[in-house]
Chemist: 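Pasting a structure here, questions to come.
Quick caveat: nothing in here was measured; it's all calculated off a predicted structure. Letters go in sequence order (proteins before strands), and every chain restarts at 1.
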Number of protein chains: 2
Amino acid sequence: MTIHHVAQRARVSASTVSRAFTTPEMVRRDTRERVLRVADEVGYRPNRAARGLITGKTANIGLIVPDLGNPLFPAVLKGAQARAQQADHAVFLADTDENADLEVNLIKAMAKQVDGIVLCSSRMSDKQRRAVESLTPLTFVYRKVADVPIVLVDNADGMRQAVEHLAALGHRRAAYLAGPQASWSNRERRRGLRSASRATGVDVIELGPFAPRFEAGLQAADLVLATDVTAVLAYNDLIALGVLNRLADRGVAVPEQMSVIGFDGIDFAAMCTPPLTTVLIPKEAAGRAAVELLLDWLDQKSLGHTAGAQRTLGTQLIVRSSTAAPPRVSAGSNGRAARGARQLKGD
Amino acid sequence: MTIHHVAQRARVSASTVSRAFTTPEMVRRDTRERVLRVADEVGYRPNRAARGLITGKTANIGLIVPDLGNPLFPAVLKGAQARAQQADHAVFLADTDENADLEVNLIKAMAKQVDGIVLCSSRMSDKQRRAVESLTPLTFVYRKVADVPIVLVDNADGMRQAVEHLAALGHRRAAYLAGPQASWSNRERRRGLRSASRATGVDVIELGPFAPRFEAGLQAADLVLATDVTAVLAYNDLIALGVLNRLADRGVAVPEQMSVIGFDGIDFAAMCTPPLTTVLIPKEAAGRAAVELLLDWLDQKSLGHTAGAQRTLGTQLIVRSSTAAPPRVSAGSNGRAARGARQLKGD
DNA sequence: TCCCAGACTGCAACCCTTTGCAGGAAGTTG
DNA sequence: CAACTTCCTGCAAAGGGTTGCAGTCTGGGA
């Protein structure tokens with residue numbers, strides 16, 4: 001079913017059919033109605049590829065995430081996809097498996113078929129980013145980049161809330177299980193941690209970096225137990241969940257002997273035992289916002305406007321049962337920091 | 001960067017550039033190398049939309065899932081996307097929010113931009129399916145449909161394993177928490193349950209239907225406690241996780257007082273407390289298989305072959321700590337089935 | 001030396017829409 | 001009644017590729 005079939009059956013030219021869809025006010029009422037009726041009857045829909053060829057807009061947007069196995073990203077994806085659909089755009093999805101080179105390749109491959117790409121927790125270096133930024137409009141989520149639209153989360157404030165919570169409970173010594181070094185979120189969480197640590201007097205040692213996965217949490221838990229901390233701040237919920245599991249296996253009671261705090265607020269943080277205290281970050285909202293910013297940018301771009309819109313969303317500590325006052329005598333303490341741990345100082 | 005720029009710089013015609021990419025054996029070695037070198041230098045990549053316009057193939061495939069919030073689907077998606085990428089195809093993703101009408105609309109909207117669509121746990125009625133099947137090649141995952149490629153899972157056998165496990169532990173009476181009525185998986189799981197029930201003598205009452213979500217599990221747990229069963233078989237892990245949570249809240253020990261079995265084998269089933277006994281179904285493998293079947297079909301189609309390939313993947317009961325022998329005297333029993341429960345008989 | 005096959009390459013049409021431009025009809029104004 | 005507007009519609013080009021067909025060039029056989 002092409003535009004010509006419809007044109008023929010409605011006894012008009014293809015141009016008129018086209019206009020009936022794209023600029024309805026340009027065609028006389030009865031003509032338009034006849035065309036649309038015929039189009040509906042035969043199930044005609046404009047071919048977007050052909051349209052895109054001439055208009056330069058594909059009505060597609062790309063979305064690239066590091067790992068669909070981390071529920072954080074499906075959540076962002078869900079928001080983004082819903083918002084895109086609302087604007088009558090379709091979304092291309094790709095998963096990089098936390099691999100920055102693959103990310104670059106995916107951008108190159110997608111660039112021509114989309115109007116822009118939303119990059120979620122991009123792991124690209126600045127150099128890599130510059131190599132692709134001219135290919136298609138890029139929007140970043142959970143990563144700060146100059147001169148393009150970005151959707152951020154106030155990670156530092158989230159960490160402040162978490163550390164203040166621990167301090168209020170009486171903790172004096174905590175461990176941070178670091179995330180990927182290429183992650184902006186990790187850098188920001190460390191930064192927030194450092195300043196909250198100074199402000200509250202809670203000492204924080206850093207372990208890792210760890211892959212942002214459950215398995216890494218299992219591994220991390222043992223390292224934590226070799227130190228004398230009474231609380232653990234994990235880079236994300238997946239790691240925290242791993243810690244919870246391994247601590248249970250080792251017979252360490254949470255929260256009585258050890259407090260654990262996650263980050264992200266994935267659904268499962270509420271479903272485990274004990275329910276995990278975590279810092280909730282916006283996920284679907286971030287996805288929606290990113291698509292919105294991208295679409296706005298594209299609109300304005302045609303008007304010659306510049307980019308650089310930034311939206312920062314708040315975080316909220318969700319206190320559940322994985323945190324409590326520290327034990328009188330710290331359990332499992334061996335009196336000194338384990339090998340591999342180090343004071344959290346400057347980068 | 002169009003094919004003409006490259007042609008000009010390589011001092012050949014556009015046709016030759018095109019052939020250098022699509023039918024390299026048709027162009028002389030040194031010409032081809034020159035063309036490809038130039039193309040690489042200027043960063044040229046064929047515009048797939050333009051190519052698709054004339055070849056009729058888009059090198060895109062669609063994937064539609066009911067709910068990205070259920071980790072089952074991101075897992076399938078991950079497999080599908082990886083396999084598609086391997087075949088140099090991109091994937092369009094959409095989420096229906098468990099809504100069959102939206103599913104139909106999404107198929108219509110996608111049809112023109114893809115070579116085929118993979119439908120995951122489709123909720124469409126037969127009538128709806130027939131209304132869209134001519135739009136574009138459809139492949140189904142987790143749903144049986146005649147004459148098109150499908151990837152199935154042996155749900156009935158999974159249920160057999162689960163029920164035999166319960167029977168072996170000594171359970172005589174269990175509840176099934178049913179899933180969505182439009183779900184093929186739910187029908188198959190019920191069927192397997194019925195026959196396993198007969199074979200083992202374990203009585204099974206059915207509750208529900210429930211939405212395949214955590215919250216529904218919370219709700220279901222109370223209904224279960226109002227019956228005299230000693231074990232619960234949930235439609236899926238999300239519901240089982242909800243049951244686990246609510247039982248813990250109500251002070252019912254799992255597995256001592258109540259055994260709980262999930263279905264799907266999502267990652268989180270292993271991370272909760274107690275770790276959930278569940279029936280593992282292939283997820284990434286199913287996604288990969290679906291894409292493979294679809295691509296094969298498309299290849300053969302051009303050769304005039306027919307469709308209908310079917311791949312059935314096995315299931316595996318993963319025994320963890322949420323199942324054990326029933327208590328001597330069934331806890332919370334009130335001697336009769338709750339209102340709303342009914343014997344599991346025919347449909 | 002001539003003819004022919006085989007290997008390459010270029011021309012031009014085509015895929016499906018959109019859109020600038022121009023033409024025709026109807027209505028308005030002087 | 002002539003001269004403009006205004007409104008609507010069609011023609012044709014364009015957008016970036018692919019591909020059937022025909023032409024050029026080369027090498028080999030007679």
Side-chain angles (χ1 to χ4, degrees), chain A residues 1-36 38-39 42-60 88 90 108-115 135-136 302, chain B residues 1-36 38-39 42-60 88 90 108-115 135-136 302:
Chain A
M1 270 309 131
T2 78
I3 203 171
H4 294 100
H5 292 113
V6 178
Q8 199 174 342
R9 287 180 69 132
R11 300 186 312 282
V12 292
S13 71
S15 321
T16 300
V17 177
S18 173
R19 281 191 270 256
F21 279 94
T22 56
T23 45
E25 69 283 3
M26 280 189 70
V27 9
R28 206 174 54 208
R29 181 126 174 269
D30 59 338
T31 312
R32 179 191 343 134
E33 280 167 0
R34 177 159 38 93
V35 168
L36 294 181
V38 170
V42 302
Y44 167 77
R45 290 186 174 227
N47 180 324
R48 312 188 75 146
R51 172 183 289 179
L53 206 49
I54 188 157
T55 60
K57 326 221 98 285
T58 61
N60 294 148
D88 202 28
K108 287 184 184 167
M110 269 189 184
K112 287 288 216 346
Q113 325 188 51
V114 300
D115 294 339
L135 263 35
T136 190
S302 53
Chain B
M1 269 311 129
T2 79
I3 203 172
H4 295 101
H5 291 113
V6 178
Q8 197 175 341
R9 287 180 68 131
R11 301 185 313 281
V12 292
S13 72
S15 321
T16 301
V17 178
S18 174
R19 282 191 270 257
F21 280 94
T22 56
T23 45
E25 70 283 2
M26 280 188 70
V27 9
R28 203 173 58 209
R29 180 125 173 272
D30 59 339
T31 311
R32 179 189 346 132
E33 280 167 0
R34 177 158 39 91
V35 168
L36 293 181
V38 170
V42 302
Y44 167 78
R45 290 184 173 229
N47 180 324
R48 315 193 68 153
R51 173 183 287 179
L53 208 49
I54 187 156
T55 60
K57 325 221 100 286
T58 61
N60 294 148
D88 202 28
K108 288 184 184 167
M110 268 189 185
K112 286 290 213 349
Q113 325 188 50
V114 300
D115 294 339
L135 262 35
T136 191
S302 53

Chemist: Heavy atoms only, 4.0 Å cut-off, all strands: where does B:Thr31 land among base, sugar-phosphate and nothing?
Modeler: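 Sugar-phosphate contact only.
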Chemist: For B:Ala50 and B:Ser13, take the nucleotide of DNA chain C holding the closest heavy atom to each; which residue's nucleotide lies nearer the 5' end?
Modeler: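 On the 5' side of the pair lies B:Ser13.
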Chemist: Across the strands shown, which category fits A:Tyr44 at heavy-atom distances under 4.0 angstrom: base, sugar-phosphate, nothing?
Modeler: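 Sugar-phosphate, backbone atoms only, no base.
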Chemist: With the side chain of B:Val12 defined as its heavy atoms from C-beta on, choose the nearest nucleotide among D:dG10, C:dG10, D:dG16.
Modeler: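 Nearest to the side chain of B:Val12 among the choices is C:dG10.
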Chemist: Choosing from D:dT9, D:dG16, C:dC11, which nucleotide comes nearest the side chain of B:Ser15?
Modeler: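 The closest nucleotide is C:dC11.
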Chemist: Tell me: CD of B:Gln113 to C1' of C:dC16, nearest whole Å?
Modeler: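 So the two atoms are 14 Å apart, to the nearest Å.
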Chemist: Give the nucleotide from the list C:dT19, D:dT18, C:dC16 with an atom nearest to the side chain of B:Ser18.
Modeler: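 The listed nucleotide nearest to B:Ser18's side chain is D:dT18.
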Chemist: Roughly, in whole Å, what's the span from CD in B:Gln8 to C1' in C:dG10?
Modeler: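 Distance check: B:Gln8 CD to C:dG10 C1' gives 15 Å.
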Chemist: Among D:dT9, D:dT18, C:dT17, which nucleotide sits nearest the side chain of A:His4?
Modeler: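 It is C:dT17.
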Chemist: To the nearest angstrom, how far is A:Ile54 atom CD1 from C:dG20 atom P?
Modeler: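 Atom CD1 in A:Ile54 sits about 9 Å away from atom P in C:dG20.
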Chemist: If I take atom CZ in residue B:Arg32 and atom P in nucleotide C:dT9, what distance separates them, rounded to the nearest angstrom?
Modeler: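 It is 10 Å, rounded to the nearest whole Å.
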Chemist: To the nearest angstrom, how far is B:Met1 atom CE from D:dG15 atom P?
Modeler: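 These atoms are roughly 15 Å apart.
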Chemist: In terms of side-chain heavy atoms of A:Arg51, which of C:dC16, D:dT19, C:dT18 is nearest?
Modeler: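 Taking heavy atoms from C-beta onward, the closest nucleotide is C:dT18.
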Chemist: If you assign B:Ala49 and B:Thr23 each to the DNA chain D nucleotide with the nearest heavy atom, which residue ends up on the more 5' nucleotide?
Modeler: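 It is B:Ala49 whose nearest nucleotide is closer to the 5' end.
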Chemist: To the nearest Å, give me how far apart CD1 (B:Ile3) and P (C:dC11) are.
Modeler: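 After rounding, the gap between these two atoms is 14 Å.
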Chemist: Can you check whether A:Ala14's main-chain N or O pairs, donor with acceptor, with A:Ser18's side chain at less than 3.5 Å?
Modeler: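 Side chain of A:Ser18 to backbone of A:Ala14, a donor-acceptor pair under 3.5 Å: no, none is there.
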Chemist: Does the side chain to side chain contact (heavy atoms under 4.5 Å, CB included) test come out yes or no for A:Gln113 and A:Thr58, once each step is laid out?
Modeler: CA-CA 7 Å; A:Gln113 325 188 51; A:Thr58 61; 5.6 Å; no
Chemist: Side chain to side chain contact (heavy atoms under 4.5 Å, CB included) between B:Asn47 and A:Leu53: does it pass, once the steps are laid out?
Modeler: CA-CA 9 Å; B:Asn47 180 324; A:Leu53 206 49; 4.2 Å; yes
Chemist: Base, sugar-phosphate, or nothing: which does B:Arg29 touch, judged by heavy atoms less than 4.0 Å apart?
Modeler: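 No contact.
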Chemist: Go through A:Thr23 and A:Glu25 one step at a time and tell me if the side chain to side chain contact (heavy atoms under 4.5 Å, CB included) criterion holds.
Modeler: CA-CA 6 Å; A:Thr23 45; A:Glu25 69 283 3; 4.0 Å; yes
Chemist: Atom CG of A:Asn47 to atom P of D:dG16: distance rounded to whole Å?
Modeler: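 Value for this atom pair: 16 Å.
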Chemist: When you measure from the side-chain N and O atoms of A:Thr16 to the phosphate of D:dG10, is any distance below 4.0 Å, counting only OP1 and OP2?
Modeler: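 For D:dG10, OP1 or OP2 has a side-chain N or O of A:Thr16 closer than 4.0 Å.
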Chemist: I need the CZ-P distance between A:Arg28 and C:dG27, as an integer number of Å.
Modeler: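 My rounded result for the distance is 11 Å.
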Chemist: Measure from the side-chain N and O atoms of B:Arg19 to the backbone N and O of B:Val27, and report whether any donor-acceptor pair falls under 3.5 Å.
Modeler: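 The answer is no, because no donor-acceptor pair under 3.5 Å joins these two groups.
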Chemist: Return the nearest nucleotide to the side chain of B:Leu53; candidates are C:dC16, D:dT19, C:dT9.
Modeler: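 Of the candidates, C:dC16 comes closest.
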Chemist: Indicate, with a heavy-atom threshold strictly under 4.0 Å, whether B:Thr22 touches base, sugar-phosphate, or nothing.
Modeler: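 Sugar-phosphate contact only - B:Thr22 comes under 4.0 Å of backbone atoms but never of a base.
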Chemist: For the side chain of A:Thr2, starting at C-beta, report the closest nucleotide among D:dG16, C:dT17, C:dT9.
Modeler: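 Closest of the options to the side chain of A:Thr2: C:dT17.
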Chemist: Any donor-acceptor pair under 3.5 Å between the side chain of A:Arg19 and the base of D:dG10?
Modeler: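 When only heavy-atom distances are counted, A:Arg19 does reach the base of D:dG10 through a donor-acceptor pair under 3.5 Å.
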Chemist: Using a heavy-atom cut-off of under 4.0 Å over every strand shown, decide if A:Arg45 touches base, sugar-phosphate, or nothing.
Modeler: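 Result for A:Arg45 = sugar-phosphate.
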Chemist: Mark yes when over 12 heavy atoms from residues, nucleotides or ligands other than A:Arg9 sit less than 6.0 Å from its CZ; otherwise mark no.
Modeler: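 Not more than 12 within 6.0 Å, no.
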